[in-house]
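Written below as structure tokens is the structure these notes are about.
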Amino acid sequence: MRRGISIAAAVCALALTATACGDDGDDGSTGKAKDAKDISGSLTYWDTSDATTEAPVYKKLIKDFEKKYPKIEVEYENVEFASIEQKFKSAAKTGKGAPDVMRADVGLIPEYASLHYIAPLDGTLALKGGTDDFTEGPLNTTKYQGKTYGVPSVTDTLGILYNKKLLKKAGIEKAPTTWDEFIEAAKTIKKKTGVEGTYLNPDSYFLLPFLYGEGTDLADTKTKKITINSPEAVKAVTTAKKVYDQASAKVDFANSYDNMQTSFKNGEVAMLVQGPWSVTDDLSGKAFKGDEGNLGFAPVPAGSTGKPQAPTGGHDLTVYQGSKNLDAAYLFTQFMTSSPSQQKIAAATATLPTRESAYTPEVTKDARIKGFHPIMKTARPRVALPQVGSLFTPLVQQYTKILQGDVSVKSGLDAAAKDFKKLLPGYTIGS
């Protein structure tokens, strides 16, 4: 998925002089000095929102922006989420065709920043008014080596989604708060209702709450140690294996996500660890259609630290460092991530805002937003490594073997650590 720094990119990192390597603002376009009303020119915006259900609200906001700032023209392009990463990297590397502003997955911010493809935003119009209004989880996704490289636009995290009627039928009054409670609840549900208690998602991204719950991560950037095979990580994955063995429906590893979703929304599974992106689909199933109140929301279970924690997902707006109109790009980024804009986006798309002030009574009328808003307090950023995306591939390979019983937890994680070492030069294996 993710790649390391290429030779050409490394050259850019050392000498930000050519167009391909960004622009240091020598043309006077710095985003700091000009008054907004005096900014003019054109810019290009790449958007990865759903072209049918979400893009219309972004297009409407662009028209509002152009009406407010008539000297600026915005060219909108909807780019498929699956292809934007490679498309942007190719354009940024060559200096040809990159957008001035882009909607970027939060997991890619460290990589783009390390390659000097996106501009630091501290002190620019993009962050005018400060960052106090942004919720902590999304704001932390924008940071890399002490600088801010994005402005949070929409966010998400993982939580427990559950079928209230099934839990009540099993005599369970509230959602479990620890993994031990989660396993026992799943067993009770199966015994008293005949319905599977849960369905473990075997994707390595969904392993993160187990790791965070034991106070560990894939790696530690401060000590430059790989921690995926640490004692804490072994404990975390042992717990995940216990959920799989004792509490989960049979997992179809070839099509796990779709089967998990279908089972839950049709009432064949009572609880899932899942994100807000799934709720619309959940509400279309027979277990919840016409009965939205049957869908419950709760934070992910806590590990031995006693603190539920889940990864922060979503998208940040970023500014291309080689933009020829940085002032307009900064101003546009500010406008699109403002509280009024986020309220309009949330109302139209049911995606979670990143500003606390955007959670108005009107916005939280939507059960999807209201349910996940408090859960966002459990969100934390993924480890800020340019290679973080690449680490998930060897991890899921070993995680699958562990769940299927082909290798022990310790030997599987030791193997993953060795693969991590190949991707993280300069890091040591910490266990």
Side-chain angles (χ1 to χ4, degrees), residues 1-27 29-31 41-51 54-55 58-59 62 65 72-121 124 126 141-142 144 147-154 314-337 385-390:
M1 271 175 62
R2 313 293 188 251
R3 302 289 188 269
I5 300 178
S6 66
I7 293 176
V11 172
C12 286
L14 294 172
L16 302 179
T17 54
T19 302
C21 302
D23 192 312
D24 63 3
D26 287 341
D27 63 351
S29 182
T30 65
S42 62
L43 61 89
T44 303
Y45 172 54
W46 284 6
D47 176 35
T48 58
S49 69
D50 184 274
E54 297 179 347
Y58 288 95
K59 292 178 180 179
I62 289 172
F65 173 80
I72 304 174
E73 181 180 355
V74 181
E75 180 183 343
Y76 174 91
E77 182 176 349
N78 191 272
V79 183
E80 288 188 2
F81 177 77
S83 63
I84 194 169
E85 178 187 352
Q86 194 55 49
K87 183 175 182 179
F88 176 66
K89 284 181 178 178
S90 297
K93 181 179 178 180
T94 62
K96 298 179 180 179
D100 298 281
V101 181
M102 180 180 67
R103 185 181 193 245
D105 183 273
V106 297
L108 290 168
I109 298 299
E111 183 178 11
Y112 292 158
S114 72
L115 293 169
H116 297 268
Y117 288 166
I118 54 178
L121 303 178
T124 72
T141 68
T142 68
Y144 181 69
K147 294 182 179 181
T148 307
Y149 286 90
V151 183
S153 176
V154 296
H315 297 85
D316 300 331
L317 293 197
T318 60
V319 174
Y320 173 49
Q321 187 147 306
S323 170
K324 293 301 181 183
N325 199 347
L326 285 171
D327 290 303
Y330 295 141
L331 183 62
F332 178 74
T333 297
Q334 178 206 93
F335 179 89
M336 296 295 282
T337 57
L385 281 167
Q387 306 92 333
V388 66
S390 299

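Residues take their numbers from the sequence shown, with the count starting at 1.
Scored by the side-chain contact (heavy atoms from CB on, under 4.5 Å) test, Ala98 finds Phe88, Ala91, Tyr320 as partners (sequence neighbours excluded). A search for side-chain contact (heavy atoms from CB on, under 4.5 Å) contacts involving Phe81 returns Thr48, Asp105, His315, not counting sequence neighbours. Under the rule for a side chain to side chain donor-acceptor pair (under 3.5 Å), the partners of Thr148 that lie at least two apart in sequence or sit in another chain are Asp122, Lys143. Listed by chain and number, the residues in a salt bridge (charged side-chain N to carboxylate O under 4.0 Å, His left out) with Asp47 are Arg103 (sequence neighbours excluded). Contacts of Lys147 classified as salt bridge (charged side-chain N to carboxylate O under 4.0 Å, His left out), with partners at least two apart in sequence or in another chain: none. Glu75 meets the side-chain contact (heavy atoms from CB on, under 4.5 Å) test with Thr44; sequence neighbours excluded.
Minimum heavy-atom separation, Ile109 to Ala104: CD1-CB, 4.3 Å. The two atoms that bring Asn78 and Ser49 nearest to each other are ND2-O, 3.0 Å, heavy atoms only. Taking all atoms of both residues into account, the shortest heavy-atom contact from Tyr330 to Ala119 is OH-CB, 4.0 Å. Of all heavy-atom pairs spanning Thr337 and Pro152, the tightest one is CG2-O, 3.6 Å.
The aromatic ring centres of Tyr76 and Tyr58 sit 6.0 Å or more apart.
With a 4.5 Å cut-off on side-chain heavy atoms, Lys87 and Trp46 count as touching. Side-chain contact check for Leu43 versus Ile72: some heavy-atom pair is nearer than 4.5 Å. Asp100 places none of its side-chain heavy atoms less than 4.5 Å from the side chain of Val319. At a threshold of 4.5 Å between non-hydrogen side-chain atoms, the residues Glu111 and Tyr144 do not count as touching. The shortest side-chain heavy-atom distance between Tyr45 and Phe332 falls under the 4.5 Å cut-off.
Taking a 6.0 Å sphere around CD of Glu77, one finds it holds more than 12 heavy atoms contributed by other residues, nucleotides or ligands.
By the 4.0 Å N-to-carboxylate-O rule, Glu54 lies too far from Lys59 to be salt-bridged with it.
Between the side chains of Thr141 and Asp316, at least one donor N or O sits under 3.5 Å from an acceptor N or O.
Note that the CG atom of Leu108 and the CD1 atom of Ile84 stand 9.5 Å from one another [nearest 0.5 Å]. To the nearest 0.5 Å, atoms CG (Leu115) and CD1 (Ile118) are separated by 9.0 Å.
A side-chain donor-acceptor contact under 3.5 Å links Thr318 to the backbone of Met102.
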